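Everything numeric here is computed off the predicted structure, so don't read it as measured data. Letters A, B, ... are given to chains in the order of the sequence lines, protein chains preceding strands, and every chain is numbered from 1.
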Number of protein chains: 2
Amino acid sequence: MPVRILIYEDNINLRESLSNLLSLTGDYQVCASYPDCSGVIMQVKELMPDVILMDIDMPLVNGIEAVRRIRTFNQAVQIIMLTVFDDNTHVFDAMYAGANGYLLKKYISDKLMHSIREVLDGGAPMSPSIARMVITSMQKAEPARDYQLTPREKEILQFLSRGNSFKMIAIELNISLDTVRTHIKRIYDKLHVCSQIEAVSKAINEKLV
Amino acid sequence: MPVRILIYEDNINLRESLSNLLSLTGDYQVCASYPDCSGVIMQVKELMPDVILMDIDMPLVNGIEAVRRIRTFNQAVQIIMLTVFDDNTHVFDAMYAGANGYLLKKYISDKLMHSIREVLDGGAPMSPSIARMVITSMQKAEPARDYQLTPREKEILQFLSRGNSFKMIAIELNISLDTVRTHIKRIYDKLHVCSQIEAVSKAINEKLV
DNA sequence: CTTCCTGTACCCTGATCAGGTGACACATCA
DNA sequence: TGATGTGTCACCTGATCAGGGTACAGGAAG
């Protein structure tokens, strides 16, 4: 049973090239291809593809919005973005929306077949530069400065960050309210803040918890 | 000029296989290989490799800690993790620590050469299942429930989340303190919370800000 | 052995916040 | 036209928090 593929791409030349390319081997069946996503929900429901190749820059409905719409009712279909955009915004929006892969058009010819195979095997085919963007974004998300908090202080700060009042923390940890207050005061000193919210805000944003 | 490669791998058989494999083509020069990371800082400074292949499970100092140590003084060397671990904790810890690629050992023979080339070209070689884990983690990070906050309420909540007191918000927005309080009370209602910290905690964790 | 750090605990004063109630102008929508 | 939603403002009471100080036991480090 061939893999059913659905294509959204507004450039007619590329759309037909893709169709032709995929039809060569016999492993793939392009069940349809459209120049825009205005009917994407109906089309996906109707055609039940295994894989969708999705351009981003299209008239009427862009490819990222289309992915969002598809994901409202179908988590199973594998979606590979196929685009010229390699900026942060497009890449991450597409990922958040629910794409499973992201290929830059300049590398398509080399990688398309392999990528379709990979996404069906539970992978996430990405052009190298895209993969690097993704993991770089994860890395810069943690400077994690060290404020020399003691274990007990970290524990208190965690409770605080989850929304517990001083009183609740005292009960939870089975210590007196004043002890909690003492810890909190020391935390304020070390974090250079002077209120709960500042402390919690700093703790969460700098991943101290 | 061949690519200089440094290997950390405690299994002697694998370590030597890797060395031999990489030496075959002449494009790569294995400048050293070690069974543990106890001297990693000195070794990297001394040998100045272009690429490091890093196992995770090693005696004395594990590979993730070693990556952290390397990144304290060298951002340029490309580090590829080479491991059997495919669980969330190991993968993300390695990425956070500063790895540039992550290959599962079972696929090494196929992909090693290609991955080294890719990481040097600014990519981030990952085994397919790892890549999928990474982008899945990005996706589930945004449920973004809708609490029907009005624009003004979102604005107030943002100020609050940055650590501003009621008084500061009032001054900043040029409205009365009581008005701020009214907005905050309505926010509490909509978010089903009853204190600043709960609200801020919820706002940050659910990406309402 | 003494100093320093950590965790514990108490007290006091003034500031800030929570929860409730009430009010009014303006806009939209039915 | 009336209902509803939004943004504005006010007052009151009790709870909670901030900032200051003081104290002491136990452990680590010098």
Using a strict threshold of under 4.0 Å (side-chain N to carboxylate O), is an ion pair present between [Y] and [X]?
X	Y	result
B/K202	B/E198	no
B/R186	B/E153	no
B/E9	B/K105	yes

*asked:* Any non-hydrogen side-chain atom of A/M126 less than 4.5 Å from a side-chain atom of B/M126?
replied: yes
*A/H183 versus A/L160: any side-chain heavy-atom pair under 4.5 Å?*
no
Name the atoms and distances for all side-chain donor-acceptor pairs under 3.5 Å in residues 41-54 of chain A, with sequence neighbours left out.
unit_1	atom_1	unit_2	atom_2	d
A/Q43	OE1	A/Y8	OH	2.6
A/D50	OD2	A/R4	N	2.7

Nucleotide nearest [X] (side chain, heavy atoms from C-beta), chosen from [options]:
X	options	result
A/K190	C/dT6, C/dG19, C/dG7	C/dT6
A/H183	C/dT8, D/dC9, C/dC10	C/dT8
A/Q196	D/dT6, D/dC17, C/dC17	D/dC17

How many whole angstroms separate atom [atom1] of [X] from atom [atom2] of [N]?
X	N	atom1	atom2	answer
B/D178	C/dG20	CG	C1'	13 Å
A/E198	D/dG19	CD	C1'	14 Å
A/L160	C/dC17	CG	C1'	15 Å
A/N174	C/dG7	CG	C1'	14 Å
B/I156	C/dC17	CD1	P	13 Å
A/I169	C/dG7	CD1	C1'	15 Å
A/D189	C/dC5	CG	C1'	14 Å
B/I184	C/dC17	CD1	C1'	10 Å

*Pick base, sugar-phosphate or nothing for A/T179, based on heavy-atom distances below 4.0 Å to the nucleic acid.*
base
*asked:* Applying a 4.0 Å non-hydrogen cut-off, can you work out what A/S176 is touching in the nucleic acid: base, sugar-phosphate, or nothing?
replied: sugar-phosphate
_Under the side chain to side chain contact (heavy atoms under 4.5 Å, CB included) test, residues paired with B/L60 that sit two or more places apart_ = B/D36, B/S38
Produce the list of close N/O pairs, under 3.5 Å, pairing protein atoms with atoms of nucleotides 20-23 of chain D; give distances to one decimal.
unit_1	atom_1	unit_2	atom_2	d
D/dG20	O6	A/K185	NZ	2.2
D/dG21	O6	A/K185	NZ	3.4

*Terminal axis angle for the helix from C/dC1-D/dG30 to C/dA30-D/dT1, five pairs an end, nearest 10 degrees*: 50°
_Checking B/R71 now: which residues fulfil salt bridge (Lys or Arg N to Asp or Glu O under 4.0 Å) with it, not counting sequence neighbours?_
none
*What residues, two or more places apart in sequence or in another chain, satisfy salt bridge (Lys or Arg N to Asp or Glu O under 4.0 Å) together with B/E16?*
none
*Taking for each residue the nucleotide of DNA chain C bearing the nearest heavy atom, is the 5' side occupied by A/L177 or by B/K167?*
A/L177
*Taking the nucleotide of DNA chain D with the closest heavy atom to each, which residue, B/L173 or A/S195, is nearer the 5' end?*
B/L173
_Side-chain N or O of A/Y188 versus OP1/OP2 of D/dA18: is the shortest distance under 4.0 Å?_
yes
*asked:* Closer than 3.5 angstrom, by distance alone: can the side chain of A/N62 be matched with the main-chain N or O of A/I56 as a donor-acceptor pair?
replied: no
